[in-house]
Amino acid sequence: MSDIAARVKKIIVDKLGVEESEVNPEASFTNDLGADSLDTVELIMEFEKEFNISIPDEQAETITTVGQAVAYLEEHAK
Amino acid sequence: MDLKRVVVTGIGALTPLGKTLDEYWEGLTNGVSGADFIKQFDCSKFKTRFACEVKDFDATTYLDKKEARKIDRFTQFALVVSDQAVKDAGISKENVDVDRVGVIFASGIGGLITFQEEVVNFANGDGTPRFNPFFIPKMILDIAAGQISMRHGFRGPNFAVVSACASSTNAIIDAYDNIRLGKADIILTGGSEAVVSAAGVGGFNAMKALSERNDDPATASRPFDKDRDGFVMGEGAGMLVLESLEHALKRGAKIYCEIAGGGATADAHHITAPHPEGLGAKNVMTAALKDAGLQASDIDYINVHGTSTPLGDIAETKAILSVFGEHAYNLNISSTKSMTGHCLGAAGALEAIACVMSVVHDIVPPTINHFTDDPELDPKLNFTFNKAQKRTVRAALSNTFGFGGHNASVIVKKYS
């Protein structure tokens with residue numbers, strides 16, 4: 001697992017209160033990990049803070065699974 | 001229409017003296033001080049460096065970690081006392097109609113700690129707004145009532161009540177009114193407060209409202225003592241389950257006591273100072289007695305607002321003498337704030353609980369930390385100084401007064 005994937009996983013476990021084993025690339029924040037709309041906003045904010053980037057709203061809306069988050073951050077993280 | 005009788009069938013308490021009703025009552029009757037140096041934030045530059053905090057509170061002992069993180073400390077307190085009270089009352093979805101169970105719950109300020117954290121984060125940034133999406137729903141004062149309803153599935157009347165330090169007494173009166181008018185069978189009521197933070201302590205310090213006796217926190221809250229120098233901030237939550245008598249009897253509930261009546265008035269005088277003759281306080285006790293259909297002589301105990309401020313304690317005493325006349329000398333009077341500190345929007349609930357327990361056990365908790373008589377106070381009044389007193393308590397009255405000039409009193413009496 002890449003360093004970015006590990007950091008993403010840690011944030012998701014911490015913020016959504018889920019088990020590490022549930023955080024697989026296909027897992028959807030809302031359908032599989034129990035996030036509501038406010039949780040997903042908070043997750044994006046935490047990614048921004050952790051990776052020191054700004055994720056525009058229109059792109060944030062396309063990040064709905066763990067794998068999508070990791071892929072986006074691997075491409076954009078500084 | 002006939003008004004229904006209303007009884008207390010459950011209690012929850014999370015206090016500076018202990019985290020259960022039993023610990024709270026034991027602390028009160030033993031005259032224990034809940035004051036100590038502040039642990040929640042670095043207060044080394046503050047004029048006041050002590051408070052009555054809820055000791056060693058870890059929300060995850062009671063709540064799911066994820067849930068605890070999304071709610072302010074005052075709501076964490078509220079959920080803890082709601083669990084205690086629901087259990088104590090023996091309420092379950094099988095023995096109540098959840099559409100007729102409400103929550104009317106108070107706070108004086110709401111999520112000040114959350115507000116402070118979020119604004120400080122923003123101020124420390126570059127101007128880009130990065131507010132947490134839970135900021136507003138964590139902070140707003142009504143969220144405790146909402147969260148309680150979600151946790152227990154109660155769908156009856158649900159709202160918050162605010163009148164600063166009178167808030168939870170007003171909540172109890174609203175709950176009482178809703179039940180006696182037949183609008184609900186059961187209402188979980190009370191209040192919660194948690195503002196031991198830089199903004200909370202700094203704000204009250206700026207008003208010169210807080211005691212600055214940093215060399216001896218445990219004796220700082222000394223209502224009616226000549227050398228009192230302001231109130232000691234407290235935090236915590238109290239909940240009472242109010243229920244129509246007929247509903248309580250039908251389901252075989254344990255009954256602590258009966259709510260006799262309540263009153264609410266305003267000083268219409270000053271934002272923080274009490275009316276010098278205690279006019280609003282006099283009117284509110286008179287209104288509560290009238291609502292209860294009781295004579296002054298029917299009251300045995302007054303749990304006073306008595307915050308340990310120079311002006312407030314004198315104004316309230318004048319009001320008691322004016323309303324109760326000669327019977328004032330037969331009363332036991334005490335300020336349990338001498339032990340709990342001033343829990344602000346939770347004070348009314350915690351002090352109403354003290355009155356309930358006093359009526360149940362025939363014990364009056366003391367006003368601790370009395371060292372020197374104040375020549376401005378009538379020496380014939382019994383302030384229950386320093387030690388609890390045993391006496392029959394037929395009915396007890398609780399006074400609370402809030403910044404803004406709000407006054408609220410509630411009377412509880414033995415159930416028979």
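Predicted model, so just to flag it, every value in this text is computed and none were measured. Throughout, a chain's letter reflects where its sequence line sits, starting with A, and its residues are numbered from 1.
- B/Phe131 touches chain A through its backbone: at least one of N, CA, C or O sits under 4.5 Å from a heavy atom, while the side chain does not.
- Contacts with chain A were tallied for B/Asn132, B/Thr128, B/Asp64; B/Asn132 has the most, counting heavy-atom pairs under 4.5 Å.
- Residue A/Lys15 touches chain B through both its backbone and its side chain, counting heavy-atom pairs closer than 4.5 Å.
- Heavy atoms from other residues, nucleotides or ligands lying under 6.0 Å from CZ of B/Phe115 number 12 at most.
- Listed here is the closest heavy atom pair of B/Pro133 and A/Leu38: CG-O, 3.3 Å.
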What's the verdict on salt bridge (Lys or Arg N to Asp or Glu O under 4.0 Å) for A/Asp39 and B/Lys70, showing C-alpha distance, side-chain angles and the deciding distance? CA-CA 10 Å; A/Asp39 289 317; B/Lys70 292 185 192 175; 2.8 Å; yes
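- No more than 12 heavy atoms of other residues, nucleotides or ligands lie within 6.0 Å of NZ in B/Lys87, so this atom counts as exposed by the packing criterion.
- A donor-acceptor pair is defined here as one N or O able to donate and one able to accept, closer than 3.5 Å; no such pair exists between the side chain of B/Arg130 and the backbone of A/Met45.
- B/Lys55 NZ: more than 12 foreign heavy atoms inside a 6.0 Å radius.
- Around CG of B/Asp56, the count of heavy atoms belonging to other residues, nucleotides or ligands within 6.0 Å does not exceed 12.
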side-chain contact (heavy atoms from CB on, under 4.5 Å) between A/Val18 and B/Lys66, worked out: CA-CA 9 Å; A/Val18 292; B/Lys66 180 186 167 199; over 6 Å; no
